[in-house]
There are 2 protein chains.
Amino acid sequence: MVVLKYNANFDLKGSFMSDKTTRANIVEAADQLFYRQGFEHTSFSNIANVVKISRGNFYHHFKSKDEILAAVIDFRLEKTRKMLDQWEMDGESPEDRIRSFIHILIVNRDPIMKHGCPVGTLCSELAKLNHASQAEASKLFTLFREWLSRQFVQLGLEEEADLLAMHILARSQGVATLANAFGDEAFVEAEVKQMCDWLQTQITRTVK
Amino acid sequence: MVVLKYNANFDLKGSFMSDKTTRANIVEAADQLFYRQGFEHTSFSNIANVVKISRGNFYHHFKSKDEILAAVIDFRLEKTRKMLDQWEMDGESPEDRIRSFIHILIVNRDPIMKHGCPVGTLCSELAKLNHASQAEASKLFTLFREWLSRQFVQLGLEEEADLLAMHILARSQGVATLANAFGDEAFVEAEVKQMCDWLQTQITRTVK
DNA sequence: ATCGGATTAGGATGGTTGTCCTAAAATATA
DNA sequence: TATATTTTAGGACAACCATCCTAATCCGAT
């Protein structure tokens, strides 16, 4: 494992490895700022202030702002994949794993109330900007969609799996949007409970 | 009715009535552009090009861009109130009226797939910008929330009315967000059907 | 110790933004 | 018709933006 990691870095040596820390800092700072302020409303100065590097120096790491966005989306995709893999390992049953998904709304309740869902708000913004990375951002949704779909398949709901996946994906999105608009914690909790109940209904429906 | 309308305009005479057309043009153009491109991404030039007036002239009608936003929100609030009133008159039963709400997703399916929900995306954007009009924009949600709540009360679901209202509001939002991200018409239709079924469930639950 | 590429800082550039100013045109009032 | 007010156009403005350039500095390999 350690060797693998070392090799992986070694392969990227030269143009990459030495500035990896700075590059990573930029991506992580941009990730947070894009989430909290939106992509368009975040300037190079904003990111530079956080990372504490000069504006001009930026273009040694990224050719353009769009390239930073692409890197941020990749970063989020990777983070999400890891999280889903983790859930796959931790969750004892498919319903457990789906419950993990539903409970993001609780775990991330505070940031969601302040800034909405990082996936949904990014996709919405890029749609308005008609941005080239729009499709790439939607892959974040696809990641969840396919993962959820797989869980439903494992529950023996092959035929409806994708629709069921889209269903809770949509409900999570809706809850995030309203939580952001109203700042109502109780509503979030109530909806999470309902979604878990709904999940139970789907499962018992299988048994029949 | 005609007299009322006339008087209403007459009261605003002088600084208002004569430029009402231009002002209204600005607001309506801004309304559309804010929806399609987002508030921040829409410039004065953009609006001016649509309305065909010069940039500089703008400040005779509005003191600032924020003031245009405020006017757009007011405009949308008024439009929404009228629509809800209309539904109140047209819908033969509370369930009919709630179905009218659910069916916005069908009626406005194409713009929603392109640009998302006008209410949800505006609220999200203003939240990211930390904009002063954030609260005012949320009133658009409140309008729907209270209207829906009233319908559920009329269905004899006093106690849960507000939660039920928030529930379909959230689901509509989620459907809009995913429809925008995926551009999937079939999904919209399937979810609308499910929401109508859910509504039926709530009603039969009352009878018991 | 020297050299060369990687990395940095900081300023220059051109374009766009929201805002403001002024003078002309249009319109209303008398 | 003469005067006052509203409405307009178009340019000036400072601020900000993404981007680019150049010269200094760092650091690893020789």
Side-chain angles (χ1 to χ4, degrees), chain A residues 6 9-30 33-34 36-72 125-126 128-133, chain B residues 6 9-30 33-34 36-72 125-126 128-133:
Chain A
Y6 178 79
N9 282 346
F10 199 75
D11 284 345
L12 300 168
K13 219 197 76 168
S15 69
F16 230 162
M17 191 182 164
S18 45
D19 65 338
K20 224 208 148 186
T21 308
T22 304
R23 203 193 134 95
N25 283 341
I26 293 174
V27 171
E28 278 165 45
L33 287 169
F34 289 175
R36 295 206 258 254
Q37 312 185 341
F39 167 68
E40 196 176 27
H41 193 243
T42 299
S43 70
F44 275 78
S45 306
N46 294 151
I47 306 172
N49 285 340
V50 172
V51 186
K52 289 191 199 328
I53 59 168
S54 74
R55 257 160 307 122
N57 178 22
F58 247 108
Y59 285 74
H60 185 257
H61 301 277
F62 298 95
K63 278 205 268 288
S64 68
K65 196 185 174 186
D66 290 347
E67 214 172 79
I68 297 185
L69 175 62
V72 166
E125 183 178 4
L126 297 186
K128 302 246 178 211
L129 302 185
N130 226 333
H131 196 284
S133 291
Chain B
Y6 179 79
N9 283 345
F10 200 74
D11 284 345
L12 300 167
K13 221 198 72 167
S15 69
F16 232 162
M17 191 182 165
S18 44
D19 64 339
K20 222 209 151 188
T21 308
T22 304
R23 201 193 134 95
N25 284 341
I26 293 174
V27 171
E28 277 165 44
L33 288 169
F34 289 175
R36 295 207 259 253
Q37 313 185 341
F39 167 68
E40 195 176 29
H41 193 242
T42 300
S43 70
F44 275 79
S45 306
N46 293 151
I47 305 172
N49 285 340
V50 173
V51 185
K52 290 190 199 330
I53 61 168
S54 73
R55 257 161 304 122
N57 178 21
F58 246 110
Y59 285 73
H60 185 257
H61 301 277
F62 298 95
K63 279 203 269 288
S64 69
K65 198 185 176 188
D66 289 347
E67 213 171 77
I68 297 185
L69 174 62
V72 167
E125 183 178 3
L126 297 186
K128 301 245 179 213
L129 303 185
N130 226 330
H131 196 284
S133 291

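A note on names: the letters A, B, ... follow the listed sequences, proteins ahead of strands, and every chain is numbered from 1.
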Between the CZ atom in B/Arg23 and the CD1 atom in B/Ile68, the distance rounded to the nearest 0.5 Å is 9.5 Å

When rounded to the nearest 0.5 Å, the distance separating CD1 of B/Ile26 from CZ of B/Phe62 is 5.5 Å

*asked:* Which label fits B/His131 and B/Phe39: parallel for a plane angle under 30°, tilted from 30 to 60°, or perpendicular past 60°?
replied: perpendicular

One should read off an interatomic distance between B/Leu33 CG and B/Glu28 CD, to the nearest 0.5 angstrom, of 12.0 Å

Rounded to the nearest 0.5 Å, the CD atom of A/Glu125 sits from the CG atom of A/Leu129 at a distance of 5.0 Å

To the nearest angstrom, the NE2-C1' distance between A/His60 and D/dT22 comes to 14 Å

Next on the checklist: Go through it in stages, so that I can follow the logic: the residues are B/Val50 and B/Asn46, the test is side-chain contact (heavy atoms from CB on, under 4.5 Å), and I'd like the CA-CA distance, side-chain angles, deciding distance and then a yes or no.
Outcome noted: CA-CA 7 Å; B/Val50 173; B/Asn46 293 151; over 6 Å; no

Closest non-hydrogen contact found for A/Lys128 with B/Gly38 is CD-N, 3.6 Å

B/His61 atom NE2 is separated from C/dC20 atom C1', nearest whole Å, by 16 Å

Rounded to whole Å, CG of B/Asn49 lies from P of C/dT17 at a distance of 10 Å

B/Glu67 atom CD is separated from C/dG18 atom P, nearest whole Å, by 15 Å

If each end axis of the helix from C/dA1-D/dT30 to C/dA30-D/dT1 is fitted on five C1' pair positions, the angle between them, to 10 degrees, is 10°

- Query: Any side-chain N or O of A/Thr22 under 4.0 Å from OP1/OP2 of C/dT8?
  - Reply: yes

Contact string for nucleotides 9-20 of chain D, one letter per nucleotide 5' to 3', B = base within protein heavy-atom range under 4.0 Å, S = sugar-phosphate only, - = neither, reads BBB-----SSBB

Practice prompt. Check for a donor-acceptor pair, side chain of A/Lys65 on one end and backbone N or O of A/Thr42 on the other, with a separation under 3.5 Å.
Written response: yes

